[in-house]
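Before any comments, here is the structure.
These numbers were taken from a predicted model, which means no experiment stands behind them. Throughout, a chain's letter reflects where its sequence line sits, starting with A, and its residues are numbered from 1.
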Amino acid sequence: MNQVPLRLYVNGERHDVTVEPRKTLADVLREDCGLTGTHLGCEHGVCGACTILADGQPIRACLMFAVQAEGMSLRTVEGLAPDDEELHPVQRAFWKHHGLQCGFCTPGFLMLAAGTLEEDPDRSDEELVDILSSNLCRCTGYQNILTATKAAAAEMRE
Amino acid sequence: MKPSSFEYVRPESLAETLDLLHQDPEESKVLAGGQSLVPMMNFRLARPSRLIDINRVPGLAGTRVEGDRLVIGTRTRHLAVQNMSGADPLARLLRSAAAHVGHLPIRTRGTFGGSLAHSDAASEWCLIARLLDATMVVESRARGRREIPAADFFLSIFTTAMEPDELLVEVSLPRLGDEHRTGFAEFARRAGDFAIVAVTTDLAVEKGVVTHARVCIGGVADTPFRSGAAEATLVGQRLDDDIATSPLARAAAEAAASEVDPPSDAHGDAPYRRDLVRAMLTSSLAQGVAR
């Protein structure tokens with residue numbers, strides 16, 4: 001097995017790990033960095049549960065090898081809340097508007113919504129539906145996820 | 001899930017990339033956006049022993065205008081194409097097609113050239129390349145640069161005319177004047193899926209009459225299918241303002257539907273796909289005229 005040393009920056013913290021090149025970024029985040037907030041669903045890019053931000057952009061962490069993320073600034077659901085007391089506006093909105101039931105898909109939806117709204121909170125309902133269609137949720141029927149994302153957008157526009 | 005083991009190399013120049021491909025063409029695979037390759041590796045449908053990651057090679061991403069051509073670098077992300085500026089018919093067509101490519105987190109990583117080299121017959125960029133007779137520029141260390149016309153590039157599903165030691169470097173498309181009406185329409189069960197049937201069209205219209213027509217259909221053959229019958233039906237005809245309900249659109253849709261020989265599979269049988277060809281062709285023509 002060819003293991004390579006790798007330095008990752010996740011949520012502003014440095015992680016020095018040794019991994020095989022074939023290990024996906026999602027697996028390394030969970031198993032080597034101990035950040036299990038990123039969930040794995042389908043592992044082939046369809047469900048979006050593993051969505052994280054790489055240099056500010058939403059990506060599928062199951063479709064990237066960790067070695068490719070060297071030098072990138074990564075952000076996972078653990079890095080959303082500014083501190084132990086306060087939640088990110090997107091997290092607050094999902095809580096308030098019941099944007100989750102079982103919660104498995106939630107980290108992916110939070111990162112997708114946070115990434116796109118931080119880039120531009122001024123998005124039409126149509127754009128938001130298109131963006132949220134990237135991820136799958138088997139519980140909510142999506143309406144509350146959309147409501148929550150719209151509410152977060154409104155707060156972030158202020 | 002874990003792909004089988006591979007050696008990972010990350011060249012920092014085009015020359016280094018071509019050297020690596022030259023050393024071991026059969027066992028190497030180029031990794032760009034990875035949005036098709038990595039799922040195939042996760043399922044072990046693809047097991048390359050060496051992965052050449054071109055994400056840090058300078059000069060492979062971005063678009064530039066060269067006279068009457070638009071040149072798109074192979075590693076240009078789908079999202080960059082979607083965010084392209086320009087009010088000309090080509091820019092509008094590219095933006096409209098890009099919006100159908102996967103989902104946002106796929107478009108941030110997936111690349112224009114990667115999609116073409118992957119050669120899925122329902123892929124948006126394969127259809128556009130074939131519609132506009134794009135020129136693929138490929139390069140190898142052994143034979144240097146050569147150009148492959150889109151008509152000769154797509155050989156079959158997942159198979160192109162590129163040799164294993166060649167890299168798709170860039171793609172050149174003709175810029176389209178204001179007399180062009182372009183459209184792109186596709187049907188998929190879920191947003192972001194590959195289309196069951198997709199149709200893209202380009203008409204040149206002078207004084208209300210179609211002087212030149214191109215129609216390309218995806219999902220009905222192993223490669224993007226140019227419908228000569230639909231094109232011949234459209235050329236020389238006067239274009240109605242309300243094209244969607246016009247006899248001309250109906251005639252073109254019928255011509256295409258009779259010409260194609262679509263497969264039957266779990267996603268839809270042949271008669272269903274023919275119906276989709278009719279509907280998507282009409283919708284693509286209407287998009288062009290509505291502009």
Got more than 12 heavy atoms from elsewhere within 6.0 Å of [atom1], [X]?
X: A/Asp83; atom1: CG; answer: yes
X: A/Glu13; atom1: CD; answer: no
X: B/His267; atom1: NE2; answer: no

If I measure from the heavy atoms of chain A, does B/Met40 come under 4.5 Å with its side chain, its backbone, both, or neither?
neither
B/Leu37 portion near chain A, given a 4.5 angstrom heavy-atom threshold:
neither
Quick check: does any side chain N or O of [X] sit under 3.5 Å from a backbone N or O of [Y], one acting as donor and the other as acceptor?
X: B/Thr108; Y: A/Pro58; value: yes
X: B/Arg56; Y: A/Gln68; value: yes
X: A/Arg22; Y: B/Pro3; value: yes
X: B/Asn42; Y: A/His44; value: no

Side chain, backbone, both or neither: which part of A/Glu127 has a non-hydrogen atom closer than 4.5 Å to chain B?
neither
Worked verdict on B/Arg10 versus A/Glu70 for side chain to side chain contact (heavy atoms under 4.5 Å, CB included):
CA-CA 11 Å; B/Arg10 192 163 64 206; A/Glu70 198 169 18; 2.6 Å; yes
Straight-line distance of [X] [atom1] to [Y] [atom2], nearest 0.5 Å:
X: B/His103; Y: A/Leu112; atom1: NE2; atom2: CG; value: 10.0 Å
X: A/Arg60; Y: B/Leu104; atom1: CZ; atom2: CG; value: 9.0 Å
X: A/Lys23; Y: B/Lys2; atom1: NZ; atom2: NZ; value: 6.0 Å
X: B/Tyr8; Y: A/Asn2; atom1: OH; atom2: CG; value: 12.5 Å
X: A/Leu63; Y: B/Ile106; atom1: CG; atom2: CD1; value: 5.5 Å
X: A/Ile59; Y: B/Arg107; atom1: CD1; atom2: CZ; value: 15.5 Å

Go through A/Val67, A/Val46, A/Thr51, A/Ile131 and name the one with the most non-hydrogen pairs under 4.5 angstrom from chain B.
A/Val67
Kindly determine whether A/Phe65 and B/Asp53 satisfy side chain to side chain contact (heavy atoms under 4.5 Å, CB included), including the steps that lead there.
CA-CA 10 Å; A/Phe65 297 111; B/Asp53 180 357; over 6 Å; no
